[in-house]
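Keep in mind that what you see is a predicted model, and the values were worked out from it rather than measured.
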Amino acid sequence: MSALKLYDTATRDIRDFQPLKKGEVSIYVCGATVQAAPHVGHIRSGVNFDILRRWLTASGYNVTFIRNVTDIDDKILHKAVHEEIPWWAVAMKYERAFALAYESLNVLPPTYEPRATGHITQMIELMEKLIENGSAYAPGNGDVYLEVRKLKSYLTLSNQKLDDLLPAGDADETYKRDPRDFALWKAAKPGDPSWPTPWGAGRPGWHLECSAMSHAYLGAEFDIHGGGLDLIFPHHENEIAQSQAAGYGFAKLWMHNAWVTTSGEKMSKSLGNSLQVMEVLKRVRGIELRWYLGSAHYRSMLEFSFEALEESATAFKRVESFLQRAKELIGAVPGAVIADEFAAVMNDDLSVPQGLALIAEWQRSGNTALTNGDSAQVSKFAGYIRGALDILGCDPFDPAYASNAGADLSAAVDGLIALLLEQREAARARKDFAAADSIRDRITAMGISIEDTPQGPRWSIN
RNA sequence: GGUGGAGUGGCCGAGAGGCGAGGCUCGGGACUGCAAAUCCCGCUACACGGGUUCAAAUCCCGUCUCCACCUCCA
């Protein structure tokens, strides 16, 4: 079996993945700032890292996967004013919206899902450490800053020079030793929530949260840190700065997913072109949206359109339909098998698009086997496909996608349709095609498709 | 100004020097009483201009266009 290779944003190359501890992988992914309902771009990130996690798990690693929730920040506070509810109610409302979106797309819950406000103690400890060793300073106004000039290295992830940065526009620099110094902690403003610290009451800066939480759950160094491309600077640079200034080894490998775009532009709330996950789920099922989001490589931009989404859903339905017929022929859900070829493409920096090409080949071969009634071959190809779909989180037999709705009805419906199909078969046998077609037309009008197969007619709900 | 990414057939989307990934759409065919489903065949593309090479979508030089980040971002 080939070895896993991953692209590292820090070194800008693809290299063999070597975990710090044999057989174990620790991952920290920057999750959502819960200030609005999730859009398609947010969920793409969730899906991409979920595929990584599933693949590592399938490869035999014991994976610890942390994805945080940023439940305090400026936008949440603004929203609280706007919606006239407490800030914590805003955070909980959208945290639940994210949880629902993740669940709808079968994104597995993280091993731990820490909230920023639950880790103030760890943040204060980290700041104490940084102030003690001279990396950070509290100028007395309640803020705490990291002094970037004192860092051994800074901006290595984004490959920038400190002097090339544009000056911050609106920042109050009265208390900063250098305009590029960034806030670890923000002094409380009247009316805003705050937590007491040795330097005054306030609330955490965004970057500090992730340094504190990754340390709390994964320790001083861990294998993979992930997030969206847009987090590289400043968020991830500043995390590195804080954590390394505290003496931590921090992340060994950086992975960044690309965006969902529309008309070539990044989908984002501030550009006003974002599409909420729940809106899209009115058009396609979660499993279909997930398949679509996986259809581009995680480091490539994905150009969103409903046309492409629906075409992608059509392709997925064909795969699904093959598996269903395979199950009917062999009389059981085909067992999932990871094919060597699939493992090879996944090990090559998670080349999902090439995995989809393999699925298409297996589907074609499998359909041919189905036509020939060759159940051994059908089992083989269906097993390969299920194995691949399981990694992609798109296995239609996964109980996560099962809907209980109408389960009691299905047996009754099956019996009724079977009765109609028997009558149609009888009509066909006596060559009364008008009667046969009339029955089929009426069934079709109910939204049910009829297919005549070598094993007899079968039906499915559109 | 700095840093990074992109331009591939009707649409989506891989590939990164050598036999045209794959899907969807569309056209043709096989099968079928007719459909549907399925299978087969076809639609021969890599922004532009040069160059290197036996061979370039892929390497080099130049040009154009677009996108992103530079302290809100998945």
List the residues meeting salt bridge (charged side-chain N to carboxylate O under 4.0 Å, His left out) with Arg12(A), not counting sequence neighbours, and say none if there are none.
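Applying salt bridge (charged side-chain N to carboxylate O under 4.0 Å, His left out) to Arg12(A) gives none.
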Non-neighbouring partners of Arg285(A) that pass salt bridge (charged side-chain N to carboxylate O under 4.0 Å, His left out), sequence neighbours left out
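Arg285(A) satisfies salt bridge (charged side-chain N to carboxylate O under 4.0 Å, His left out) with Glu288(A), Glu320(A) only.
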Please list each protein N or O that sits under 3.5 Å from an N or O in nucleotides 40-43 of chain B, with the distance.
none

Quick one: side chains of residues 378-386 of chain A, donor-acceptor pairs under 3.5 Å with protein atoms, not counting sequence neighbours, listed by atom name and distance.
{"residue": "Ser379(A)", "atom": "OG", "partner": "Ser375(A)", "partner atom": "O", "Å": "3.2"}
{"residue": "Arg386(A)", "atom": "NE", "partner": "Asp395(A)", "partner atom": "OD1", "Å": "3.4"}
{"residue": "Arg386(A)", "atom": "NE", "partner": "Asp395(A)", "partner atom": "OD2", "Å": "3.1"}
{"residue": "Arg386(A)", "atom": "NH1", "partner": "Pro334(A)", "partner atom": "O", "Å": "2.7"}
{"residue": "Arg386(A)", "atom": "NH2", "partner": "Asp395(A)", "partner atom": "OD2", "Å": "2.8"}

If you measure from the P atom in G23(B) to the same atom in U38(B), how many Å do you get, rounded?
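So the two P atoms sit 12 Å from each other.
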Pick the P atom in C54(B) and in C43(B), then give their distance to the nearest Å.
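It works out to 31 Å between them.
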What parts of residues 424-443 of chain A reach RNA chain B, counting only heavy atoms under 4.0 Å away?
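Close to the strand are Arg424(A), Arg428(A), Phe433(A), Asp437(A), Arg440(A).
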Partners of Phe65(A) by ring-ring contact (aromatic ring centres under 6.0 Å, His included), sequence neighbours excluded?
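Result, ring-ring contact (aromatic ring centres under 6.0 Å, His included) vs Phe65(A): none returned.
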For Tyr137(A), check ring-ring contact (aromatic ring centres under 6.0 Å, His included) against everything at least two apart and list the hits.
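If we apply the ring-ring contact (aromatic ring centres under 6.0 Å, His included) test to Tyr137(A), skipping adjacent residues, the hits are Tyr145(A).
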Of all the choices, A36(B), U71(B), A68(B), which nucleotide is nearest to the side chain of Pro234(A) once you look at every atom?
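Nearest to the side-chain atoms of Pro234(A), counting from C-beta on, is U71(B).
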Write out a two-atom table: protein N or O, nucleotide N or O from nucleotides 10-13 of chain B, distance below 3.5 Å.
{"residue": "C11(B)", "atom": "O2", "partner": "Glu311(A)", "partner atom": "OE1", "Å": "3.3"}
{"residue": "G13(B)", "atom": "OP1", "partner": "Glu303(A)", "partner atom": "N", "Å": "2.9"}

Side-chain donor/acceptor pairs under 3.5 Å, residues 89-99 of chain A, sequence neighbours excluded:
{"residue": "Lys93(A)", "atom": "NZ", "partner": "Glu83(A)", "partner atom": "OE1", "Å": "3.1"}
{"residue": "Tyr94(A)", "atom": "OH", "partner": "Glu83(A)", "partner atom": "OE2", "Å": "2.9"}
{"residue": "Glu95(A)", "atom": "OE1", "partner": "Arg115(A)", "partner atom": "NE", "Å": "2.8"}
{"residue": "Glu95(A)", "atom": "OE2", "partner": "Arg115(A)", "partner atom": "NE", "Å": "3.2"}
{"residue": "Glu95(A)", "atom": "OE2", "partner": "Arg115(A)", "partner atom": "NH2", "Å": "3.1"}

Using the test side chain to side chain donor-acceptor pair (under 3.5 Å), find all partners of Lys252(A) that sit at least two apart in sequence or belong to another chain.
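So Lys252(A) forms a side chain to side chain donor-acceptor pair (under 3.5 Å) with Glu221(A).
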Within the modelled atom types, does a donor on one side and an acceptor on the other bring the side chain of Asp452(A) and the base of A37(B) under 3.5 Å apart?
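For Asp452(A), whose side chain was compared with the base of A37(B), there is no donor-acceptor pair (under 3.5 Å).
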Can you sort out the partners of Asn68(A) under side chain to side chain contact (heavy atoms under 4.5 Å, CB included), two or more places apart, ordered by chain and number?
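Result, side chain to side chain contact (heavy atoms under 4.5 Å, CB included) vs Asn68(A): Tyr28(A), Cys30(A), Thr70(A), Pro114(A), Cys210(A), Met213(A).
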Report all side-chain donor-acceptor pairs from residues 435-449 of chain A shorter than 3.5 Å, counting only partners two or more places apart or in another chain.
{"residue": "Thr444(A)", "atom": "OG1", "partner": "Arg440(A)", "partner atom": "O", "Å": "2.8"}
{"residue": "Ser449(A)", "atom": "OG", "partner": "Asn462(A)", "partner atom": "OD1", "Å": "2.3"}

Please state whether the phosphate of U3(B), meaning OP1 or OP2, lies under 4.0 angstrom from any side-chain nitrogen or oxygen of Asn159(A).
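False: Asn159(A) side-chain N/O out of range (4.0 Å or more) of U3(B) OP1/OP2.
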